[in-house]
Amino acid sequence: MSGRLMIRNATLPDGRVGVDLLLQDGRIAAVGAALPAPDGIETLDAAGWLLSPPFVDAHFHMDATLSYGLPRVNASGTLLEGIALWGELKPLLTQEALVERALAYCDWAVARGIGAIRSHVDVCDPRLLAVEALLQVRERVKPYLDLQLVAFPQDGVLRSPGALANLKRALDLGVDVVGGIPHFERTMADGAQSVKLLCELAAERGLRVDMHCDESDDPLSRHVETLAFETQRLGLQGRVTGSHLTSMHSMDNYYVSKLIPLLAEAQLHAVANPLINITLQGRHDSYPRRRGMTRVPELLAAGVNVAFGHDCVLDPWYSGGSGDMLEVASMGLHVAQMTGLAAMRQCFDAVTVNAARVLGLAGYSLEVGARADMVLLQARSPEEAIRLRAARLAVVRGGRIVARGVPATMTLDLPGRPSSVDFTRHPPR
Ligand code: FE2
């Protein structure tokens with residue numbers, strides 16, 4: 001999919017204003033002020049709104065999405081009932097229904113300005129029904145969405161009979177990334193063993209790793225330490241991600257002061273899932289009730305790349321969501337208390353550039369030579385986009401507009417007041 005498009009008068013996330021971009025052959029051909037327009041080229045007037053590279057969701061479960069209520073709802077709302085409920089649903093799944101739901105979610109994602117998603121896919125079903133369905137979806141959506149798949153042994157690669165063999169079969173079929181869930185194995189020792197063997201498997205096959213790691217309120221769940229160690233031992237620096245890492249919220253501060261530098265040294269990526277962490281963690285607490293999200297500002301300060309993922313939308317674990325990475329960023333901002341100006345921009349990065357680094361996406365920027373993929377938002381700055389969960393005015397893929405939206409507005413009828421309301425403001429930069 002390619003085309004020629006001139007975008008006029010955009011504001012960029014780094015604060016540049018009045019920027020034109022020429023898109024040609026699926027790439028950004030020129031960036032500057034008052035660019036000359038080739039004859040007959042289609043033009044998109046950005047009208048000073050914020051133009052960003054597309055949102056990237058670094059952590060999702062597309063095999064479960066939009067299944068809320070099947071075969072019943074999660075009564076307790078807990079992670080463990082969600083896993084049990086998913087176990088009840090799995091035998092009832094059909095490939096057609098999986099594909100249909102995944103494609104429907106991908107439509108939502110594109111409409112929300114998402115350009116790439118890393119989705120875990122459960123490999124504990126020996127039929128590999130979900131794997132085959134999502135491989136098919138990955139090909140079908142390729143023209144408009146990058147879908148990266150993680151072979152995820154939901155019930156534990158050691159705990160679930162046949163899971164390791166199934167996981168290898170999934171990789172043979174073309175799944176991109178090796179997953180894991182060490183805290184769900186039977187013992188701490190098995191958890192550590194699972195990290196070791198899965199990292200070795202990834203090293204052998206030249207693949208990236210992304211594990212659900214320490215998704216627990218147990219401060220002694222320390223598998224991320226093993227994940228960082230194996231990353232270093234096998235030379236996988238920069239290719240391994242620890243997802244969730246919620247136990248770090250509850251860990252002893254002294255231990256964390258040793259742990260975070262080890263994660264930075266291993267160039268481990270961290271993915272927090274703010275909407276899900278805030279709703280699933282702390283469930284055994286009375287009050288005060290822990291938030292459960294990992295230590296985002298501290299990880300960032302130590303130089304660890306941190307992204308935010310959506311994780312779930314309308315599935316056994318979460319009854320909300322609509323594919324809006326600005327909602328995810330907003331929740332992350334609030335839960336981590338990242339309200340300073342630089343911190344709010346880091347929250348925008350967590351659903352854009354940082355997430356692209358987790359996936360290893362090439363050509364992800366708004367510079368000349370990069371992919372002509374972007375989203376135009378009804379906001380003047382990244383922090384304003386988060387505050388307003390800004391309307392998507394246009395979504396561009398390969399230099400072609402693939403989705404168009406209208407500005408959010410309301411008509412007022414108030415005595416002595418204007419007839420419309422403008423929620424945008426322009427704070428001094
Ligand atoms: Fe997850």
Side-chain angles (χ1 to χ4, degrees), residues 56-68 74 77-87 89-90 102 105 109 114 117-124 130-131 134 147-157 160 163 167 170 175-185 191 194-195 198 208-217 221 223-224 227 240-249 269-281 283 292-294 306-321 323 325 328 331-332 335 350-351 355 358-359:
V56 177
D57 185 355
H59 187 112
F60 195 64
H61 293 264
M62 203 172 281
D63 49 358
T65 196
L66 306 189
S67 69
Y68 180 70
N74 183 334
T78 59
L79 173 61
L80 293 180
E81 186 178 341
I83 293 174
L85 180 49
W86 175 237
L89 176 57
K90 261 193 274 191
Y105 183 76
I114 294 177
I117 300 175
R118 173 179 279 184
S119 174
H120 297 253
V121 50
D122 188 358
V123 295
C124 287
V131 169
L134 291 193
L147 181 56
Q148 194 178 77
L149 298 176
V150 185
F152 174 47
Q154 171 75 74
D155 301 324
V157 74
S160 172
L167 187 144
V175 169
D176 308 278
V177 179
V178 177
I181 186 164
H183 58 277
F184 198 71
E185 301 291 354
S194 77
V195 171
L198 290 165
R208 288 173 179 261
V209 175
D210 188 339
M211 292 199 195
H212 284 65
C213 198
D214 306 320
E215 188 181 4
S216 157
D217 291 316
S221 188
H223 295 295
V224 69
L227 188 62
V240 176
T241 298
S243 278
H244 289 293
L245 308 178
T246 55
S247 72
M248 202 186 299
H249 187 92
H269 304 277
V271 176
N273 296 297
L275 293 165
I276 307 309
N277 301 150
I278 196 71
T279 47
L280 291 185
Q281 301 305 313
R283 288 278 180 154
M293 193 167 80
T294 197
V306 182
F308 292 154
H310 208 313
D311 200 5
C312 301
V313 169
L314 294 173
D315 70 8
W317 295 273
Y318 187 53
S319 53
M325 295 310 294
V328 172
M331 183 58 73
V335 174
V351 294
V358 169
L359 271 68

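Note that these values count all heavy atoms, side chains included, but never hydrogens, waters or copies made by symmetry. Just so it is clear, the structure is predicted and the values come from calculations on it, not from any experiment. In each ligand, atom 1 is the first atom listed, and ligand 1 is the first ligand listed.
By the side chain to side chain contact (heavy atoms under 4.5 Å, CB included) test, L66 is found to be paired with R101, A104, Y105, W108, V313, L314, residues two or more places apart in sequence or in another chain being considered. Taking the salt bridge (charged side-chain N to carboxylate O under 4.0 Å, His left out) definition, one finds that D210 meets it with R118, sequence neighbours left out. Remark: D122 engages K90 in a salt bridge (charged side-chain N to carboxylate O under 4.0 Å, His left out) (not counting sequence neighbours).
Around the Fe ion (ligand 1), the protein N, O or S atoms closer than 2.8 Å are H59 NE2, H61 NE2, H212 NE2, D311 OD1, listed by chain and residue number.
In terms of heavy-atom proximity, P274 sits nearest to G309 at CD-O, 3.8 Å.
Under the 3.5 Å distance criterion, the side-chain polar atoms of S221 are left unmatched by any main-chain donor or acceptor of H183.
In this structure, H212 has its ring center no closer than 6.0 Å to that of F184.
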